[in-house]
Amino acid sequence: MSDKEKLFQERFKRYTVALECGKPDKVPVVFPLGEWVVKYTNTTLQEAYYNVDKSNEIIGDVIRDLDFDVMFGAINLWWPPMFDGMDCKLYKFPGIYFEENSGFQYVEEEYMKAEDYDEFIANPTQWLATKYLPRICGEFAEPGSYRATVALIKGAAAFAMHNDKLTKTGEKWAKEYGIVSATTGMTKAPFDTLGDALRGTKGILLDLRRRPDKVLAACEAIVPHNIAYAMITAAGDTSLPCFAPLHKGAYPFLSLEHWQKYYWPSWKAVIEGLWALGKRTFFFAEGDWTPYLEKIAELPDKSIVFCIDLTDAKKAKKVLGGRFCLYGGVPTTLLTYGTPEEVKDCVKRAIDELGGDGGFVLAAGGVVMSDAKRENIVAMIEAAREYGVY
Amino acid sequence: MGPLSLAMAELDEKRVLELVKMALLEGKSPLEIVEECRRGLKVVGERYSWGEYFLSDLIMSAEIFQEVLRVLEPYLPIALPLAEQPHKADIVFGTVEGDIHDIGKNITISLLRCEGFRVYDAGVDIPPDVFVTLLKETGAKVLALSALLTSSFEAMRRTVQLVRMMTAKQPVRIIIGGLVNERVCRYVGADAWVREAGEGVAICRRWLGMRVVKGQAGGLGAL
């Protein structure tokens with residue numbers, strides 16, 4: 001076994017022991033990968049998005065001399081050619097719509113109309129293939145046509161190619177740098193699938209009062225899809241948790257009553273379904289989830305890693321600590337607007353408050369974007385090693 | 001509080017519309033009906049501010065109010081701006097260049113219109129010079145800039161600088177909204193910052209005065 005492989009085993013153990021709520025030798029620390037790494041090179045964001053090999057080169061240069069355990073995030077969450085090849089209007093990417101150093105953005109619309117609910121509920125896959133795809137992709141305008149069929153193949157092939165690249169990249173980081181990936185696979189809460197991608201934020205929030213039964217039925221119909229999607233995108237891996245970016249379950253979108261009735265049951269079903277397959281969920285609770293912590297605590301022990309963004313960390317520790325691994329501790333705003341000294345103090349405090357008895361992973365609380373400062377991220381990682389020895 | 005205000009406060013869409021139609025049949029003035037709805041909306045805002053209501057409720061209340069205005073439109077002597085763009089506006093509102101997020105902007109515009117302000121919705125990804133043109137064309141005294149991405153603060157700053165330079169003869173107060181704070185506000189050079197739609201409405205009220213005044217046609221004209 002090479003030194004790097006030994007290092008990988010050591011870090012993998014450190015991370016997974018924490019995920020199991022145990023106490024490793026040190027607090028595992030996560031490198032927040034994001035668009036910010038491109039800022040320190042003469043490459044444009046456009047090039048980094050489109051050229052995966054180039055972006056890997058950039059990442060390699062940044063992480064070479066840093067001592068951390070786990071990597072989370074990406075420069076390019078989505079590979080634009082996959083969307084460009086289908087003439088898809090869901091995202092706007094730098095260089096084509098925005099200037100070449102802007103991040104990508106999602107174009108939210110009511111791609112699914114209120115009158116589509118029944119057909120969607122009856123057969124979500126069929127509805128997506130015959131109604132949704134033609135609405136979001138120019139190449140699918142005529143479902144069943146030669147052009148649409150080729151587009152379907154192109155899209156699937158590009159998705160597979162990109163996933164393959166990501167897997168190989170993960171292997172490269174493991175082998176050459178001894179770095180563990182934070183997650184494998186991706187899924188969402190059914191309410192977010194419906195609200196983010198199909199009905200839009202306003203659409204789904206009005207539906208809660210105008211056609212609540214349809215919302216419930218649609219969320220239920222999505223559950224098996226989101227379990228399958230997680231396992232497919234993870235290529236069956238169960239050693240690491242499945243990434244689940246969560247949106248409309250954050251305070252103050254929904255009242256506790258609405259949250260319990262419409263957001264939670266189907267999302268809980270996905271988490272429990274995955275847990276039954278041995279797959280843990282990376283509960284990426286963007287925003288503030290404080291009012292819902294008690295409900296989240298009903299999940300099977302260890303079935304999630306709870307990420308603290310704006311959630312009250314002390315309360316999260318009290319309600320979830322010991323039974324679920326907690327992840328976070330450093331606000332993303334501090335990494336952008338703070339100083340290395342402030343970041344260092346924050347890391348010390350986070351480890352004291354959250355890490356005392358294990359079951360804690362030190363990381364940025366959310367997605368670190370293009371505006372983060374390298375010196376702050378280096379300070380975070382160094383401070384984690386300084387204060388994070390059990 | 002009357003039954004209409006109450007139904008509005010409870011966000012009972014069906015009942016609000018029933019009561020509005022009934023009131024019209026009874027010969028109640030559209031102005032009185034609007035005023036009753038607004039009293040209900042005020043309760044919605046209060047309930048939101050102390051945490052009883054949530055974002056979904058706020059969006060619902062604005063939606064119901066827009067529907068009421070649609071029902072009332074044929075009965076009014078003057079045209080209501082509803083969601084259409086006014087030629088003259090009190091407020092020009094848009095998401096800055098490089099950012100296409102609009103939920104916060106849309107919620108706030110709905111609430112401002114509920115309060116009777118004429119709001120010109122500039123849309124998203126708006127370059128600084130377009131804001132300047134819109135301010136001149138509409139004669140607006142307030143510019144509201146929205147952004148979700150922290151990377152958009154630069155665009156806010158550029159917009160504020162250009163507006164200050166180009167509208168010297170038409171003093172414009174600038175408010176920013178999104179994930180902003182005092183530090184961002186100072187950096188971009190705005191006059192006020194808010195994180196909540198309700199706070200934004202309160203500041204516009206302070207800057208521009210109240211709009212709808214009960215029983216005065218002039219008040220309605222401003223609506």
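- The side-chain heavy atoms of A:Arg209 and B:Glu13, taken from C-beta on, include no pair separated by under 4.5 Å.
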Original post:
Going through the distances and angles, do A:Arg210 and B:Lys14 end up as a side-chain contact (heavy atoms from CB on, under 4.5 Å)?
Top reply: CA-CA 10 Å; A:Arg210 286 180 171 163; B:Lys14 243 170 93 186; over 6 Å; no

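- For A:Thr193, the side-chain hydrogen bond (donor to acceptor under 3.5 Å, both in side chains) partners two or more places apart in sequence, or in a different chain, are A:Asn226.
- Counting only residues at least two apart or on different chains, the side-chain hydrogen bond (donor to acceptor under 3.5 Å, both in side chains) pairs with a member in residues 156-165 of chain B are B:Glu97-B:Arg158, B:Arg164-B:Asp191.
- Two residues are said to be in side-chain contact when any heavy atoms from C-beta on lie closer than 4.5 Å; A:Leu206 and B:Met60 meet this criterion.
- In this structure, the side chains of A:Met369 and B:Leu149 come closer than 4.5 Å at one or more pairs of heavy atoms.
- The stretch residues 92-101 of chain A places A:Lys92, A:Tyr97, A:Phe98 near chain B, each with some heavy atom under 4.5 Å from a heavy atom of that chain.
- Within the 4.5 angstrom heavy-atom criterion, no atom of A:Ile204 approaches chain B.
- Taken from CG in A:Leu310 to CG in B:Leu179, the straight-line distance is 7.5 Å, to the nearest 0.5 Å.
- For A:Glu115, the CD atom counts as densely surrounded, since its 6.0 Å shell holds more than 12 non-hydrogen atoms of other residues, nucleotides or ligands.
- Counting non-hydrogen atoms of other residues, nucleotides and ligands closer than 6.0 Å to NZ of A:Lys202 gives a total of 12 or fewer.
- Annotation for B:Lys42: atom NZ does not count as buried by contact number, only 12 or fewer foreign heavy atoms lying within 6.0 Å.
- Note that the CZ atom of B:Phe153 and the OH atom of A:Tyr337 stand 4.5 Å from one another [nearest 0.5 Å].
- By number of non-hydrogen pairs under 4.5 angstrom with chain A, the leading residue of B:Asp12, B:Ile107, B:Ile59 is B:Ile59.
- Taking CZ of A:Phe104 as the reference point, atom CD1 of B:Ile100 lies at 10.0 Å (rounded to 0.5 Å).
- Counted within 6.0 Å of NZ on A:Lys373, heavy atoms from surrounding residues, nucleotides or ligands total more than 12; the atom is thus considered enclosed.
- For B:Arg15, the CZ atom is loosely surrounded, since the number of other residues' heavy atoms within 6.0 Å does not exceed 12.
- Rounding to the nearest 0.5 Å places CG of B:Leu55 at 13.0 Å from NE2 of A:His258.
- With a 4.5 Å cut-off on side-chain heavy atoms, A:Glu108 and B:Ile103 count as touching.
- Using a 4.5 Å heavy-atom cutoff, the side chains of B:Tyr53 and A:Pro252 are not in contact.
- Counting heavy atoms from C-beta outward, B:Asp99 and A:Gln105 have side chains that approach closer than 4.5 Å.
- Only the side chain of A:Ser370 comes within contact range of chain B, with heavy atoms under 4.5 Å apart.
- Contact check for A:Trp259 versus B:Phe54: no side-chain heavy atoms found under the 4.5 Å cut-off.
- For the set A:Thr333, A:Leu254, A:Thr201, the count of heavy-atom pairs under 4.5 angstrom toward chain B peaks at A:Leu254.
- The neighbour count for A:Lys315 NZ, taken as heavy atoms of other residues, nucleotides or ligands under 6.0 Å away, is above 12.
- Here A:Arg211 pairs with A:Asp207 under the side-chain hydrogen bond (donor to acceptor under 3.5 Å, both in side chains) rule; sequence neighbours left out.
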